[in-house]
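Convention: sequence-line order gives letters A, B, ...; per-chain numbering from 1. Values below: all heavy atoms of this structure, side chains included; hydrogens, waters and symmetry mates excluded.
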Amino acid sequence: MIETTAGTGHGRLPGFGGAALFVDTVVAFSADGDRSPEQAADVALLTPDRYVRYLRRPISEGFARELGHFLFSAASEFHPEQLPAFFDNRAGLTVSIMSSTDSRVGIEVSIIVDLEAQVAETDGINFETSRTALASAGLALGGGATDSGLTDGV
Amino acid sequence: MAYLFGVLGFPDYSRLTQLWNNTWAPPIYDGVATAHYVSLGDDQDADVESDFLSSHLPLHVGGFGGAYPDGRAWTVILQAAPTEESASELTVQGLLSSEVDRALAFNTAATLQKEVAWTRDELLNVYQDQLVLPSEVESWSMSDLLRGLLTQCCGLWLRGVVRGYPSCAFPDAPHACEGEVFTDAFSAWVERRIPQANEEESEPETPDRRIGRKVRKRTPPRTNLLHDADELFASAGCDDETDFASYLRDCVELPAPLADEDILLMEDEGLMVCVGTTCTSIEFPTRLSDVVADLQSLINTVGEAYELDEDED
(Lines give C-alpha, C1' and ligand atoms only; values in the text may rest on other atoms or scores of the structure.)
Protein backbone atom coordinates (compact mmCIF):
# COMPACT_ATOMS: atom_id res chain seq x y z
CA MET A 1 0.00 0.00 0.00
CA ILE A 2 1.54 3.30 -1.04
CA GLU A 3 1.31 5.98 1.60
CA THR A 4 -0.27 9.33 0.84
CA THR A 5 -0.04 12.40 3.03
CA ALA A 6 -1.82 15.70 3.36
CA GLY A 7 1.50 17.42 2.61
CA THR A 8 3.59 17.24 -0.53
CA GLY A 9 5.99 14.67 0.90
CA HIS A 10 8.81 17.04 0.03
CA GLY A 11 10.45 18.74 2.95
CA ARG A 12 13.17 21.36 2.86
CA LEU A 13 14.47 22.68 6.15
CA PRO A 14 17.00 25.48 5.60
CA GLY A 15 19.18 26.74 8.40
CA PHE A 16 21.40 29.66 9.27
CA GLY A 17 24.91 29.27 7.93
CA GLY A 18 23.87 27.56 4.71
CA ALA A 19 22.92 24.16 6.14
CA ALA A 20 19.78 22.31 5.13
CA LEU A 21 17.97 19.01 5.39
CA PHE A 22 16.04 17.80 2.35
CA VAL A 23 13.58 14.92 2.54
CA ASP A 24 11.67 13.79 -0.56
CA THR A 25 9.37 10.81 -0.41
CA VAL A 26 9.47 8.76 -3.60
CA VAL A 27 8.02 5.51 -4.89
CA ALA A 28 10.93 3.23 -5.71
CA PHE A 29 11.77 -0.35 -6.60
CA SER A 30 14.15 -2.10 -4.30
CA ALA A 31 17.69 -2.57 -5.49
CA ASP A 32 17.27 -6.28 -6.33
CA GLY A 33 14.22 -5.41 -8.46
CA ASP A 34 12.15 -8.45 -7.56
CA ARG A 35 9.76 -6.73 -5.16
CA SER A 36 6.83 -4.44 -5.78
CA PRO A 37 7.53 -0.71 -5.59
CA GLU A 38 7.38 0.78 -2.13
CA GLN A 39 7.59 4.15 -0.42
CA ALA A 40 11.11 5.37 0.08
CA ALA A 41 12.81 8.66 0.80
CA ASP A 42 15.70 10.60 -0.65
CA VAL A 43 17.45 12.33 2.24
CA ALA A 44 20.05 15.04 1.59
CA LEU A 45 22.31 16.91 3.98
CA LEU A 46 23.77 20.23 2.86
CA THR A 47 26.41 22.57 4.22
CA PRO A 48 28.28 25.29 2.27
CA ASP A 49 31.06 22.83 1.41
CA ARG A 50 29.29 19.49 1.33
CA TYR A 51 26.16 18.01 -0.23
CA VAL A 52 25.35 14.36 0.40
CA ARG A 53 22.23 12.54 -0.83
CA TYR A 54 21.09 9.18 0.46
CA LEU A 55 18.79 7.79 -2.20
CA ARG A 56 15.82 5.43 -1.94
CA ARG A 57 16.00 4.88 1.78
CA PRO A 58 13.27 2.46 2.87
CA ILE A 59 10.90 4.19 5.27
CA SER A 60 8.36 3.16 7.88
CA GLU A 61 4.61 3.62 7.49
CA GLY A 62 3.70 7.27 8.08
CA PHE A 63 7.32 8.47 7.81
CA ALA A 64 6.63 11.83 6.18
CA ARG A 65 3.64 12.59 8.40
CA GLU A 66 5.53 11.70 11.58
CA LEU A 67 8.57 13.74 10.60
CA GLY A 68 6.25 16.61 9.65
CA HIS A 69 4.52 16.43 13.04
CA PHE A 70 7.87 16.38 14.78
CA LEU A 71 9.13 19.47 12.94
CA PHE A 72 5.86 21.31 13.48
CA SER A 73 5.91 20.44 17.19
CA ALA A 74 9.50 21.67 17.40
CA ALA A 75 8.33 24.98 15.95
CA SER A 76 5.44 25.38 18.36
CA GLU A 77 6.70 23.87 21.63
CA PHE A 78 7.95 26.24 24.29
CA HIS A 79 10.91 23.95 25.03
CA PRO A 80 11.28 21.78 21.92
CA GLU A 81 14.57 20.33 23.17
CA GLN A 82 12.43 18.28 25.59
CA LEU A 83 10.70 16.51 22.69
CA PRO A 84 11.74 12.89 22.13
CA ALA A 85 13.93 12.65 19.04
CA PHE A 86 12.38 11.57 15.76
CA PHE A 87 13.81 8.22 14.73
CA ASP A 88 12.95 6.09 11.72
CA ASN A 89 14.47 2.65 12.09
CA ARG A 90 14.11 1.63 8.44
CA ALA A 91 15.60 4.84 7.05
CA GLY A 92 18.24 5.06 9.76
CA LEU A 93 17.36 8.72 10.22
CA THR A 94 17.37 10.57 13.55
CA VAL A 95 16.34 14.18 14.04
CA SER A 96 16.65 15.77 17.46
CA ILE A 97 16.31 19.23 18.91
CA MET A 98 19.35 20.45 20.80
CA SER A 99 18.48 24.00 21.84
CA SER A 100 15.92 26.74 21.39
CA THR A 101 15.15 30.41 21.88
CA ASP A 102 11.94 32.35 21.27
CA SER A 103 12.67 32.50 17.55
CA ARG A 104 15.37 29.91 16.81
CA VAL A 105 15.81 26.19 17.25
CA GLY A 106 19.04 24.16 17.14
CA ILE A 107 18.58 20.87 15.33
CA GLU A 108 20.77 17.80 14.83
CA VAL A 109 20.29 15.34 11.99
CA SER A 110 22.09 12.03 11.77
CA ILE A 111 21.72 9.20 9.31
CA ILE A 112 23.23 5.73 9.17
CA VAL A 113 25.50 5.69 6.14
CA ASP A 114 25.15 2.00 5.24
CA LEU A 115 22.03 0.25 6.46
CA GLU A 116 23.55 -3.16 5.77
CA ALA A 117 26.81 -2.59 7.63
CA GLN A 118 27.62 -4.66 10.71
CA VAL A 119 28.94 -1.60 12.52
CA ALA A 120 26.73 1.40 11.93
CA GLU A 121 28.59 4.51 10.79
CA THR A 122 26.61 7.73 10.93
CA ASP A 123 26.74 10.94 8.96
CA GLY A 124 25.12 14.11 10.20
CA ILE A 125 24.86 17.86 10.50
CA ASN A 126 23.63 20.25 13.12
CA PHE A 127 22.42 23.77 12.54
CA GLU A 128 20.17 26.53 13.81
CA THR A 129 16.98 27.43 12.05
CA SER A 130 13.95 29.56 12.73
CA ARG A 131 10.65 28.37 14.12
CA THR A 132 9.00 29.73 10.96
CA ALA A 133 11.17 27.55 8.73
CA LEU A 134 10.47 24.52 10.95
CA ALA A 135 6.72 25.08 10.72
CA SER A 136 6.86 25.47 6.92
CA ALA A 137 8.90 22.28 6.53
CA GLY A 138 6.60 20.41 8.91
CA LEU A 139 3.48 21.44 7.02
CA ALA A 140 5.04 20.58 3.67
CA LEU A 141 5.69 17.04 4.93
CA GLY A 142 2.10 16.63 6.08
CA GLY A 143 2.59 17.41 9.74
CA GLY A 144 0.69 20.02 11.69
CA ALA A 145 -1.31 20.66 14.77
CA THR A 146 -3.97 17.97 14.57
CA ASP A 147 -5.84 19.19 17.64
CA SER A 148 -6.27 22.63 16.09
CA GLY A 149 -7.41 21.02 12.86
CA LEU A 150 -4.64 22.57 10.78
CA THR A 151 -3.82 19.43 8.85
CA ASP A 152 -3.58 15.74 9.46
CA GLY A 153 -1.50 13.46 7.30
CA VAL A 154 -3.00 10.08 6.47
CA MET B 1 15.30 57.43 -2.24
CA ALA B 2 18.32 55.21 -1.66
CA TYR B 3 20.17 54.44 -4.88
CA LEU B 4 19.82 50.65 -4.49
CA PHE B 5 16.05 50.88 -3.98
CA GLY B 6 15.77 52.85 -7.21
CA VAL B 7 18.04 50.73 -9.39
CA LEU B 8 16.57 47.39 -8.28
CA GLY B 9 12.99 48.57 -8.83
CA PHE B 10 10.95 47.15 -5.96
CA PRO B 11 7.16 47.22 -6.22
CA ASP B 12 5.43 50.10 -4.44
CA TYR B 13 4.85 49.65 -0.69
CA SER B 14 7.61 47.04 -0.33
CA ARG B 15 9.14 47.13 3.14
CA LEU B 16 12.74 46.80 4.34
CA THR B 17 12.89 44.47 7.34
CA GLN B 18 16.48 43.28 7.60
CA LEU B 19 19.99 44.22 6.65
CA TRP B 20 23.37 42.62 7.19
CA ASN B 21 27.05 43.26 6.67
CA ASN B 22 29.61 40.51 6.11
CA THR B 23 32.62 41.93 7.92
CA TRP B 24 34.69 38.90 6.87
CA ALA B 25 34.41 39.69 3.17
CA PRO B 26 37.84 40.41 1.66
CA PRO B 27 38.37 44.03 0.57
CA ILE B 28 38.23 44.16 -3.23
CA TYR B 29 39.73 47.27 -4.82
CA ASP B 30 39.53 46.57 -8.51
CA GLY B 31 36.91 44.23 -9.85
CA VAL B 32 33.20 43.80 -10.27
CA ALA B 33 30.42 44.36 -7.77
CA THR B 34 26.96 42.90 -8.17
CA ALA B 35 23.53 43.05 -6.59
CA HIS B 36 21.15 40.12 -7.00
CA TYR B 37 17.52 40.75 -6.13
CA VAL B 38 15.69 37.50 -5.32
CA SER B 39 12.01 36.89 -4.56
CA LEU B 40 11.52 34.15 -1.99
CA GLY B 41 8.81 31.51 -2.03
CA ASP B 42 5.47 31.62 -0.22
CA ASP B 43 5.83 31.19 3.54
CA GLN B 44 9.61 31.31 3.35
CA ASP B 45 11.35 33.04 6.22
CA ALA B 46 13.44 35.96 4.91
CA ASP B 47 15.79 35.81 7.89
CA VAL B 48 16.79 32.16 7.39
CA GLU B 49 16.65 32.18 3.60
CA SER B 50 18.83 35.28 3.28
CA ASP B 51 21.41 33.79 5.61
CA PHE B 52 21.17 30.41 3.85
CA LEU B 53 21.64 31.98 0.42
CA SER B 54 24.48 34.30 1.39
CA SER B 55 26.30 31.48 3.23
CA HIS B 56 26.73 29.78 -0.14
CA LEU B 57 28.29 32.94 -1.64
CA PRO B 58 31.84 33.30 -0.30
CA LEU B 59 32.34 36.77 -1.75
CA HIS B 60 29.13 38.32 -0.48
CA VAL B 61 29.63 41.70 1.15
CA GLY B 62 26.23 42.23 2.70
CA GLY B 63 22.63 42.58 1.78
CA PHE B 64 19.15 43.51 2.79
CA GLY B 65 15.75 41.91 2.75
CA GLY B 66 12.13 42.71 3.23
CA ALA B 67 8.57 41.96 2.29
CA TYR B 68 6.23 42.81 -0.54
CA PRO B 69 2.84 44.31 0.29
CA ASP B 70 1.32 40.79 0.19
CA GLY B 71 3.80 39.59 2.85
CA ARG B 72 5.99 37.50 0.57
CA ALA B 73 9.68 38.00 1.27
CA TRP B 74 12.52 39.23 -0.94
CA THR B 75 16.23 39.53 -0.43
CA VAL B 76 19.15 41.31 -2.09
CA ILE B 77 22.71 39.97 -1.99
CA LEU B 78 25.69 42.23 -2.68
CA GLN B 79 28.95 40.67 -3.89
CA ALA B 80 32.36 41.91 -5.01
CA ALA B 81 35.08 39.94 -6.80
CA PRO B 82 38.50 40.94 -8.17
CA THR B 83 39.36 41.05 -11.86
CA GLU B 84 42.70 39.76 -13.00
CA GLU B 85 44.47 39.42 -16.30
CA SER B 86 43.00 35.96 -16.76
CA ALA B 87 39.48 37.05 -15.80
CA SER B 88 37.85 40.00 -17.50
CA GLU B 89 35.02 41.99 -15.93
CA LEU B 90 32.42 40.08 -17.94
CA THR B 91 33.89 36.76 -16.87
CA VAL B 92 33.92 37.78 -13.22
CA GLN B 93 30.34 39.01 -13.43
CA GLY B 94 29.38 35.66 -14.98
CA LEU B 95 31.13 33.80 -12.15
CA LEU B 96 29.30 35.81 -9.49
CA SER B 97 25.99 35.14 -11.27
CA SER B 98 26.67 31.43 -11.53
CA GLU B 99 27.44 31.34 -7.79
CA VAL B 100 23.98 32.77 -7.15
CA ASP B 101 22.39 30.29 -9.58
CA ARG B 102 24.09 27.39 -7.82
CA ALA B 103 22.92 28.62 -4.43
CA LEU B 104 19.38 29.12 -5.72
CA ALA B 105 19.36 25.50 -6.93
CA PHE B 106 18.95 24.62 -3.24
CA ASN B 107 15.85 26.82 -3.00
CA THR B 108 13.73 26.19 -6.08
CA ALA B 109 10.89 28.35 -4.73
CA ALA B 110 13.09 31.45 -4.98
CA THR B 111 13.40 33.36 -8.24
CA LEU B 112 16.02 35.83 -9.39
CA GLN B 113 14.29 39.11 -10.25
CA LYS B 114 17.14 41.37 -11.23
CA GLU B 115 20.91 41.53 -11.40
CA VAL B 116 22.94 44.73 -11.49
CA ALA B 117 26.72 44.91 -11.92
CA TRP B 118 29.21 47.75 -11.54
CA THR B 119 32.89 48.26 -12.20
CA ARG B 120 34.82 50.43 -9.75
CA ASP B 121 34.50 53.47 -12.01
CA GLU B 122 30.77 52.93 -12.30
CA LEU B 123 30.44 52.77 -8.52
CA LEU B 124 32.41 56.01 -8.20
CA ASN B 125 30.00 57.57 -10.70
CA VAL B 126 27.09 56.40 -8.54
CA TYR B 127 28.69 58.19 -5.59
CA GLN B 128 29.17 61.30 -7.69
CA ASP B 129 25.45 61.24 -8.52
CA GLN B 130 24.84 61.14 -4.75
CA LEU B 131 26.94 64.34 -4.37
CA VAL B 132 30.11 62.59 -3.18
CA LEU B 133 33.27 63.46 -5.10
CA PRO B 134 35.25 60.43 -6.34
CA SER B 135 38.34 61.89 -4.66
CA GLU B 136 36.60 61.58 -1.28
CA VAL B 137 36.15 57.82 -1.64
CA GLU B 138 39.08 56.87 -3.86
CA SER B 139 40.75 54.99 -0.98
CA TRP B 140 37.64 52.90 -0.31
CA SER B 141 37.50 49.27 -1.42
CA MET B 142 34.63 48.24 -3.68
CA SER B 143 33.25 46.28 -0.72
CA ASP B 144 33.10 49.49 1.31
CA LEU B 145 31.56 51.37 -1.62
CA LEU B 146 28.78 48.75 -1.60
CA ARG B 147 28.42 49.06 2.18
CA GLY B 148 28.16 52.82 1.78
CA LEU B 149 25.20 52.34 -0.57
CA LEU B 150 23.74 49.97 2.01
CA THR B 151 23.85 52.70 4.66
CA GLN B 152 21.69 54.80 2.34
CA CYS B 153 19.04 52.08 2.63
CA CYS B 154 19.05 52.74 6.39
CA GLY B 155 18.04 56.33 5.71
CA LEU B 156 21.50 57.79 6.24
CA TRP B 157 22.87 60.63 4.23
CA LEU B 158 25.77 59.30 2.14
CA ARG B 159 27.85 62.47 2.52
CA GLY B 160 27.67 62.16 6.29
CA VAL B 161 28.88 58.56 6.14
CA VAL B 162 31.75 59.54 3.85
CA ARG B 163 32.70 62.34 6.22
CA GLY B 164 32.72 59.97 9.20
CA TYR B 165 34.65 57.18 7.43
CA PRO B 166 36.30 55.03 8.76
CA SER B 167 35.31 55.36 12.39
CA CYS B 168 31.89 56.96 12.83
CA ALA B 169 28.64 57.19 10.86
CA PHE B 170 27.28 60.17 12.78
CA PRO B 171 30.20 62.53 13.32
CA ASP B 172 27.90 65.41 14.20
CA ALA B 173 25.50 63.70 16.53
CA PRO B 174 25.95 62.51 20.09
CA HIS B 175 25.53 58.74 20.11
CA ALA B 176 27.00 55.51 21.43
CA CYS B 177 29.58 55.09 18.66
CA GLU B 178 30.60 51.58 17.59
CA GLY B 179 33.99 52.83 16.38
CA GLU B 180 33.54 51.60 12.79
CA VAL B 181 31.50 53.56 10.33
CA PHE B 182 29.40 50.76 8.86
CA THR B 183 28.86 48.88 12.11
CA ASP B 184 27.86 52.22 13.63
CA ALA B 185 25.34 52.85 10.84
CA PHE B 186 23.84 49.36 10.72
CA SER B 187 23.56 48.91 14.48
CA ALA B 188 21.86 52.30 14.73
CA TRP B 189 19.33 51.13 12.13
CA VAL B 190 18.77 47.77 13.82
CA GLU B 191 18.29 49.45 17.20
CA ARG B 192 16.11 52.19 15.67
CA ARG B 193 18.33 54.96 16.95
CA ILE B 194 19.43 56.86 13.87
CA PRO B 195 20.57 60.09 15.53
CA GLN B 196 18.50 63.19 14.91
CA ALA B 197 21.42 65.18 13.55
CA ASN B 198 21.87 62.81 10.62
CA GLU B 199 18.17 62.95 9.79
CA GLU B 200 18.45 66.71 9.66
CA GLU B 201 21.36 66.41 7.28
CA SER B 202 19.37 64.27 4.89
CA GLU B 203 17.22 67.32 4.27
CA PRO B 204 19.69 70.18 4.30
CA GLU B 205 18.52 73.07 6.39
CA THR B 206 17.66 76.35 4.84
CA PRO B 207 20.29 79.05 5.41
CA ASP B 208 17.87 80.93 7.68
CA ARG B 209 17.68 78.09 10.17
CA ARG B 210 21.45 77.85 10.36
CA ILE B 211 21.86 81.51 11.37
CA GLY B 212 22.80 81.83 15.00
CA ARG B 213 23.34 78.10 15.44
CA LYS B 214 26.26 77.33 17.68
CA VAL B 215 28.83 74.95 16.25
CA ARG B 216 29.21 71.97 18.52
CA LYS B 217 32.76 71.44 19.70
CA ARG B 218 32.60 68.09 21.49
CA THR B 219 31.16 64.65 20.94
CA PRO B 220 30.62 62.66 24.12
CA PRO B 221 32.71 59.49 24.30
CA ARG B 222 31.06 56.09 24.36
CA THR B 223 30.63 55.07 27.98
CA ASN B 224 29.16 52.24 29.99
CA LEU B 225 26.17 52.76 32.22
CA LEU B 226 26.82 55.37 34.88
CA HIS B 227 25.21 54.97 38.27
CA ASP B 228 25.50 58.35 39.98
CA ALA B 229 26.41 61.99 39.44
CA ASP B 230 30.07 61.49 40.36
CA GLU B 231 30.48 58.76 37.74
CA LEU B 232 28.70 60.95 35.22
CA PHE B 233 30.98 63.93 35.90
CA ALA B 234 34.08 61.72 35.80
CA SER B 235 33.08 60.16 32.47
CA ALA B 236 33.11 63.66 30.98
CA GLY B 237 36.42 64.49 32.63
CA CYS B 238 34.74 67.05 34.92
CA ASP B 239 35.33 67.73 38.61
CA ASP B 240 31.92 69.09 39.60
CA GLU B 241 28.51 70.23 38.32
CA THR B 242 29.84 73.60 37.16
CA ASP B 243 32.43 71.89 34.98
CA PHE B 244 29.86 69.42 33.74
CA ALA B 245 27.37 72.17 32.81
CA SER B 246 30.15 73.78 30.81
CA TYR B 247 30.91 70.43 29.16
CA LEU B 248 27.26 69.99 28.20
CA ARG B 249 27.16 73.45 26.63
CA ASP B 250 29.99 72.37 24.34
CA CYS B 251 28.19 69.21 23.30
CA VAL B 252 24.91 70.65 22.07
CA GLU B 253 23.71 72.92 19.33
CA LEU B 254 21.83 76.01 20.38
CA PRO B 255 19.36 77.73 18.08
CA ALA B 256 19.50 81.52 17.94
CA PRO B 257 17.08 82.48 20.76
CA LEU B 258 19.00 80.44 23.30
CA ALA B 259 22.38 81.21 24.81
CA ASP B 260 24.95 79.22 26.76
CA GLU B 261 23.76 80.64 30.06
CA ASP B 262 20.30 79.17 29.45
CA ILE B 263 21.73 75.71 30.15
CA LEU B 264 21.92 75.00 33.85
CA LEU B 265 22.61 71.98 35.99
CA MET B 266 20.75 71.75 39.31
CA GLU B 267 21.65 69.35 42.05
CA ASP B 268 19.06 70.38 44.68
CA GLU B 269 16.52 67.58 44.26
CA GLY B 270 18.34 64.91 42.31
CA LEU B 271 20.27 65.90 39.22
CA MET B 272 18.39 68.06 36.75
CA VAL B 273 19.43 69.70 33.53
CA CYS B 274 17.50 72.83 32.58
CA VAL B 275 17.08 74.98 29.51
CA GLY B 276 15.76 78.28 30.76
CA THR B 277 12.92 77.36 33.07
CA THR B 278 12.26 73.95 31.49
CA CYS B 279 14.00 71.07 33.24
CA THR B 280 14.39 67.35 32.91
CA SER B 281 15.72 65.05 35.59
CA ILE B 282 18.60 62.70 34.90
CA GLU B 283 17.63 59.15 35.77
CA PHE B 284 20.42 56.76 36.76
CA PRO B 285 21.80 54.48 35.47
CA THR B 286 22.42 56.37 32.23
CA ARG B 287 25.05 57.01 29.60
CA LEU B 288 26.80 60.29 28.94
CA SER B 289 25.62 60.25 25.34
CA ASP B 290 22.02 59.75 26.51
CA VAL B 291 22.26 62.78 28.79
CA VAL B 292 23.54 64.88 25.89
CA ALA B 293 20.83 63.51 23.58
CA ASP B 294 18.11 64.30 26.15
CA LEU B 295 19.47 67.81 26.57
CA GLN B 296 19.55 68.36 22.81
CA SER B 297 15.98 67.13 22.58
CA LEU B 298 14.97 69.56 25.35
CA ILE B 299 16.77 72.42 23.59
CA ASN B 300 14.97 71.63 20.35
CA THR B 301 11.61 71.63 22.12
CA VAL B 302 12.31 74.91 23.91
CA GLY B 303 13.72 76.43 20.71
CA GLU B 304 10.60 75.50 18.77
CA ALA B 305 8.45 77.05 21.50
CA TYR B 306 10.45 80.28 21.15
CA GLU B 307 9.94 80.24 17.39
CA LEU B 308 6.20 79.69 17.83
CA ASP B 309 6.04 82.62 20.24
CA GLU B 310 7.88 84.80 17.76
CA ASP B 311 5.53 83.76 14.95
CA GLU B 312 2.49 84.60 17.10
CA ASP B 313 3.98 88.01 17.92
Pairwise distance OG(B/Ser50) to CZ(A/Phe16) - rounded to 0.5 angstrom: 9.5 Å
In short, B/His56 meets A/Thr47 closest at the heavy-atom pair CE1-O, 3.7 Å
Has B/Glu191 got more than 12 heavy atoms of other residues, nucleotides or ligands less than 6.0 Å from its CD? yes
Enter the distance from B/Ser55:OG to A/Leu46:CG here, rounded to the nearest 0.5 Å. 10.0 Å
So CD of B/Gln44 and OG1 of A/Thr132: to nearest 0.5 Å the spacing works out to 11.5 Å
Let me know if A/Ala19 has heavy atoms under 4.5 Å from chain B in its side chain, its backbone, both or neither. backbone
Might you point out which heavy atoms bring A/Pro14 and B/Glu49 nearest each other, and give the distance in Å? CG-OE2, 3.2 Å
Trace of the side-chain contact (heavy atoms from CB on, under 4.5 Å) decision for B/Thr108 with A/Arg12: CA-CA 10 Å; B/Thr108 51; A/Arg12 172 182 171 273; over 6 Å; no
So, the part of B/Asp42 with a heavy atom under 4.5 Å from chain A: the answer is neither
Contact part of A/Tyr51 toward chain B, heavy-atom cut-off under 4.5 Å: side chain, backbone, both or neither? side chain
Walk me through it: do A/Thr129 and B/Phe52 pass the test side-chain contact (heavy atoms from CB on, under 4.5 Å)? CA-CA 10 Å; A/Thr129 187; B/Phe52 175 81; over 6 Å; no
Ring-plane angle category for A/Phe22 and B/Phe106, please: parallel below 30°, perpendicular beyond 60°, tilted otherwise. tilted
Interface check, chain B: of A/Gly15, A/Ala135, A/Ala44, A/Ser103, most non-hydrogen pairs under 4.5 Å belong to A/Gly15
So, B/Asp43 versus A/Ser136: side-chain donor-acceptor pair below 3.5 Å or not? no
Below 4.5 Å, heavy atoms only, C-beta onward: do B/Val48 and A/Glu128 meet side chain to side chain? no
Yes or no on side-chain contact (heavy atoms from CB on, under 4.5 Å) for A/Ser130 and B/Asp45, after CA distance, side-chain angles and deciding distance? CA-CA 8 Å; A/Ser130 72; B/Asp45 182 6; 2.5 Å; yes
